[in-house]
Amino acid sequence: MMNWPQEQCDKALGELRELYRDIEDKSGLEFSTPYQLLVATILSAQCTDVRVNKVTAELFGKADTPEAVIELGEDGLLEEIKSCGLAPSKAKNIIAASRLILSDYDGEVPDELEELVKLPGVGRKTANVVLSQAFGIPAIAVDTHVNRVAKRLGLADGSNVQKVEQELMQRIPRENWAKAHHWLIWHGRQICKARKPDCAGCPAAPYCRYAREQAEAESE
DNA sequence: AACTCGGGGCA
DNA sequence: TGCCCAGAGTT
């Protein structure tokens, strides 16, 4: 796979940042505690943000601490979150993670990547979201959308998430990492879609490797 | 790298 | 119906 000039990547990212300068956070991820954010983020896997918000609104009214959620029990929790995809396994993970938080972390959600990923149901993406949103620790979370966008721009080949994180963090100012996560996802959903990407409506297209390849393919 | 987990929304 | 979703864990 040929390398795509770094200069092009930087221009593309600049265009996207400008395009989404005023984007609002549609998911409303303003939870008051790290624990709430952790639970909400675990639930968000393979489940739309709208559904997660509906579920957490109900859930956190009844239980929003590790102790309370454990008290709810796996069945009780499942009943609350059943409308999220993969709910049974998530309920199990959230209970187990809550117990671990109480036993190993003095009841507080850990604020380090290596510790967060030890929690069941928490992978690299979720951990970075928690670090960034709950603790204000700069991090870029790479999900399927961000990964796809980065791959198409020519930033990385997409096979190594850590590489994508690295490339993005290198090119985006540290103070903008948390916001970049949002607008990269937003772009991946609205324009740089998996199926039919709307390159015609994308301001980064002139600097995008994927767009270039598509154009070349059509001209032949 | 491929595969499974899975309910609900939407075309 | 069929396709998709702001992933993680296992093989």
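We use all heavy atoms of the structure for the numbers below, so side chains are in, but hydrogens, waters and symmetry mates are not. Each chain gets a letter, A, B and so on, in the order its sequence line appears, and its residues count up from 1.
The phosphate of C:dC5 (OP1 or OP2) has no side-chain N or O of A:R51 nearer than 4.0 angstrom. One finds no side-chain N or O of A:Q46 lying less than 4.0 angstrom from the OP1 or OP2 phosphate oxygen of B:dG6. The side chain of A:T126 contributes no N or O atom lying less than 4.0 Å from OP1 or OP2 of C:dG7.
Among residue pairs with one or both ends in residues 86-95 of chain A, none qualify as side chain to side chain donor-acceptor pair (under 3.5 Å); sequence neighbours excluded.
Using a 4.0 Å heavy-atom criterion, one finds that A:V52 contacts no nucleic acid atom at all. Within 4.0 Å of A:G121, counting heavy atoms only, lie sugar-phosphate atoms of the nucleic acid but no base atom. Within the 4.0 angstrom heavy-atom criterion, only backbone atoms of the sugar-phosphate kind lie near A:R195; the bases stay farther away.
Comparing the same atom, P, in B:dA11 and in C:dA6 gives a spacing of 15 Å after rounding to whole Å. The gap from the C1' atom of B:dT4 to that of C:dC5 amounts to 16 Å, rounded to the nearest Å.
Contact annotation: the side chain of A:W4 approaches that of A:C9 to within less than 4.5 Å [non-hydrogen atoms, C-beta and beyond].
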Side-chain donor-acceptor distances from residues 140-147 of chain A under 3.5 Å, at least two apart:
from, atom 1, to, atom 2, distance (Å)
A:D143, OD1, A:H145, N, 2.9
A:D143, OD1, A:V146, N, 2.8
A:H145, ND1, A:R148, NH2, 2.9
A:N147, ND2, A:G158, O, 3.2

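Going from atom NE2 of A:H145 over to atom C1' of C:dG7 covers 11 Å, rounded to whole Å.
In summary, the side chains of A:N128 and A:E165 do present a donor paired with an acceptor at a separation below 3.5 Å, with no hydrogens or angles considered.
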